[in-house]
Every structure is written in C-alpha cells, then in structure tokens.
Amino acid sequence: MDRDEALRLVGEALSDIAPEAELDAVDPSAELAEELDLDSMDLLELHEALQRLSGVEIADADVASVVTLDRLLDHLTGAGAGDG
Amino acid sequence: MPSLGADMETGTLVEWCIAVGDHVSKGDTVAVVDTDKATIDVEVFETGVVTELLVEPGASVPVGAPLAVIGAADEGESATHAGDAPGTGASHPTPSVPPEQPANTPTTTIVGGPGRHHASVVLSPVVRHLADRLGVDTGRLEGHGPGGRVTRHDVENAARTRVSPRARRMAAASGVDPSRLVGPGSGPGGAVVARDIEATSAAVPHVAEGSAPSGATVQTGKTATTAPSAGGRSTPQQAMARTMERSNREIPHFHVASTIDLEPAMAFLGELNRVRPSGARVLPAAVLLRAVAAASRAVPDVNGWWRDGAPVAAPTVAIGMVVSLRGGGLLTPTLTDPDRCTLDELMDRLRGTVQRARRGSLRSSDIEPATLTVTNLGERGAEVVHGVIQPPQLALVGFGRIVERPWVHGGEVVPRRVVTASLAADHRAVEGHVASRFMSRLERELLDPAALCADRRPGNDDHDPHRPGVEHDGP
C-alpha cells in the first residue's frame, strides 16, 4: 500500500467518526487526536476501522507512537509493504 | 409515553414503527419520540400483539399517557421474536424502575393513533417520505424494527448527514438549529460544510428570540434546514441550560476530590490489551465506570434521588455517562449495573452507547433515569472537574485527565499514573464524611483492578472477594 492509498483509508475510517474531517487541512506532524478533536473512544474506533480496511493492526504498544498523521501513515505503509 | 429524561413532561410522537396486528417482543423499537433533548427510539417492555394505536404521529402527549394497546400474544403463534429482531442483538440492561416515578411504569400500554398499516407493508408513509427526501434507496435497506420493518433510523443511518463542526458553529450563529440539518451538502460524501450554511442562512427567516423552535423544513439549494431556534442554540442545549440552572438553584452542592493512584489499573489494562486487537481493547473509562458502580453499592447514600423533600435510595445502580457530541452539546445515556457484567460486556455496552449517542440513535433503554452521573474529561481534559448534579440525583462523580505524576510508593518518589476523582453531592442528603467514604471506597476498588474487573453476576455476591457491603464509619 502506498501513502496515498493509506491516506485514503484513513479518510474512510474517519468518515463515521469525524465526518467533516478534511485531512488536507490537518498538520501531519501534529497530534491527530488534537487536530481532529478525537477522544480515546474515537481513536479506538479509528484503529479498529483501519485494521478492518487495511488489514494492518495497530498494536496496543504502538498506539502511543502513531499519534500523528505522518506516523500513522508510516505505520500503515511500512507494515503493509509486501502484504499487498 | 415513557419518561425519557428527568425533566420531561411531554413528548412528541414522531412516527410509529409498528402497526395494529404486529407481534412485538420486549426490546423492539416501536415508536420514535421527540423530547426536547433528543430523538429517541422507544422500545416496548412487553411481548404481544398490537391491538390499538392511540396517538397520531405529530401529537404531543404528557409523560405517562398511554400510546398503544398491546394484547397477549395469540396462542399457537410464537411471540418470542427476541432473536429475530436484528439490531436488538446486544443485550439490553434490564430496565430499572425508580420508585414513585409513575411515568416509567413497565406496563406500557402505548397510546397510538389508529393503525393505518398492514403487517405486510415494510415502510410506513413517514419513513417512505423521509427516504424520498434524503434520497435513500429503500429497496436496499435493512430494517431493524420489529418484523424487519425499516425504521426512521435505518433511513437516517443510510443517509447519514454529516455536518462539519465549522458548519455547525456557523449554523448555530446564524440561528439555525444544527441538530436538524439535513443533507446532502456539497462536502465530501455529501457532508454539509460551511459554504452550504452560507448559502442557506441567507434564505432562512430569523425567529424572534423566545419563540419556540419550529419544525418547519426549508429546502434551499442542497441543504434542508428547519427554522432557527431562539438565540442560535439547539433545543437540546437549551434544555441542558435549563437543567443546569435548576440544579444550581435547587441543590446545595458541596465537593470533595481525591487523587488516586491509577498505575495498578493501567498496568492491568496494558496487560489485557497488549494481546488484543483494537476492536477488543478495554479503555480506562470502562474501569472507572465499574469502580464508581462498585463504590456506590457500598455507599448507597450517594446513589438515588431527592424526592418530595427527602432522599430516596435507588434499587439499582444506573450510571448516567456524560457524552460530548462533535460540534457541541452533551447527552447523558445510562449504563445500568456496569459492575454486574463482565468487563468485556461492559466495554461493548460502553462503545455501543457512545456510538448511538454520537450518531443520534439513542434508544429508550439508553436513557432510563440514572441514579448517579459520571463525567470524564478524557485525555485532553483538565486535571479535575467539579461538576453540576443532574436533578433529581444526589451526586455526580468527575474524573480529570489521567496524568503521570511523582508519587510516593514503597517509601520512594516514583512516576505513577494518577487520576483526580471528584464527588459533587447534595448537602441535603449527603454529608462530608459520607462523601469521603465514597471516595476512599472508589480508591480501594481502583487499587485492586483484578478483583474489580473479575466477572461478577447478580446474586453471586457471596463469592466476591470484595463483598459489597455497606461501609461503616471507623478507622
């Protein structure tokens, strides 16, 4: 999966949680939860939706490190490489 | 008309989801009702056959007025559709009936208007009209009402009007009730965005302040809106403002707070969640809720209502959870006995309830009268909150942000995750030392997460390592 595809999936995952989110307007190096006003329940739903859409799991231990959009995309593309 | 909130006096029937002759099972959604706080799917308490609908859609009736008549199920015809009704699969907490609250009797003979539908009709005219208006293809819809009936919420979920926070703010500022915006808008996926509001507000007439919000729908360009509410605030927000005023006026509040070592509970959750996929993880909020329930069983003075000049102890523990909505506003759905199911069940219920609250599809079982309310500021909240009690309850528990702080543990200063919990209490019913007992019990529960989160079943209290007994004063 490339970065554009990952971004698209994040947008799709967010569509139920923060329907108005415009990812282009988000600072990719800032905390995503802060940018989009997401609480812990929203993040849980986001990670679950991403797992469902991309097949890439975000382990509990990684949750604290994928806090920015950049890092989230890194995780999705890095873990997805070679898995198709 | 069930009581769907402490202050509710009347409700408006929006539509029926049943017709005369339908079989209904306990828990089925049978009607949609508008209160001034939210639109709620009303579930029926009985199993049987609808023999008469006594109220017309659009009518406002007082709480307690019968809406329809349900007769006993015909012999030979199975009335147990509990497994058949999709959408009601998740177990509902058993409705708790607070004492002396006549509006909430379980023997619901709902009052309804003469049924116009036959069992074979899947869509009521109201729902069909709504689907047409929202551009939803009903042929593809899955119905979640009794007998597979397509309900209003099925249609709304399919249409899912999304409104950006900026659009909401603009709507409110220009006097349009943001909770009543109907798309599709011009944003991605049909979301209503700011420019839609700009285009609409020019055409929407402004209503003089103080007049009641109208239900009229204005179709302007791509966005349909209702006539604006007074002062630019939504009806639910106005209702909340009135509740807060009443609380401050009537209840002599006092507050206590304690900072609690949450490291054991967080470590417990960390271990649990480490090997679980996101969909199965448990959030700290669930554990905090469970601890509040356990503590209130031990200190029942804080769990109940003020009624006719005296405190009334509640027969169960039904925690009202403050849920913040995107774009502003709060709802407080209820979770009953959150310490009497497994931790995983609790997390499922919590997720489902928060989702329904945020999507505007709360059911009547979600908003049964609470016995105690909890407000949790969350990860980006302040460190402590001293809340406002929801009348007629006696108390409100607040949680601030979980933070890492220096803490004395084992004689040394070490970093630990801690949370500051507060209790706002009604001083007519609760005294300082009782409030303190509650806080220390809350702390005790949280310091032993394994026991707190162990599976508990009603009536199995004898096997509990921490038998919930009434706390007594003393060292």
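Lettering follows sequence order; numbering is per chain, from 1. This one's a predicted model, so the numbers in the text were calculated from it and none came from an experiment.
A salt bridge links A:E48 to B:R351: one of the charged nitrogens lies within less than 4.0 Å of a carboxylate oxygen. Salt bridge status for A:D39 with B:R326: absent, with no side-chain N to carboxylate O gap under 4.0 Å. The pair A:E57-A:R52 does not meet the salt-bridge criterion, since no charged nitrogen lies less than 4.0 angstrom from a carboxylate oxygen. Ion pair B:R417/B:E263 flagged as a salt bridge, since at least one NZ, NE, NH1 or NH2 atom sits closer than 4.0 Å to an Asp/Glu carboxylate oxygen.
In this model, a donor atom of one side chain and an acceptor atom of the other lie less than 3.5 Å apart for B:E379 and A:S40.
There is no contact between A:A49 and chain B, counting heavy-atom distances below 4.5 Å. Residue A:I17 touches chain B through its backbone alone, counting heavy-atom pairs closer than 4.5 Å. Heavy-atom distances place no part of B:R276 under 4.5 Å from chain A, backbone and side chain included. At a 4.5 Å heavy-atom cutoff, the contact between B:R274 and chain A is made by backbone atoms alone.
Comparing A:L44, A:V63, A:L46 by how many heavy-atom pairs each has under 4.5 Å with chain B, the most go to A:L44.
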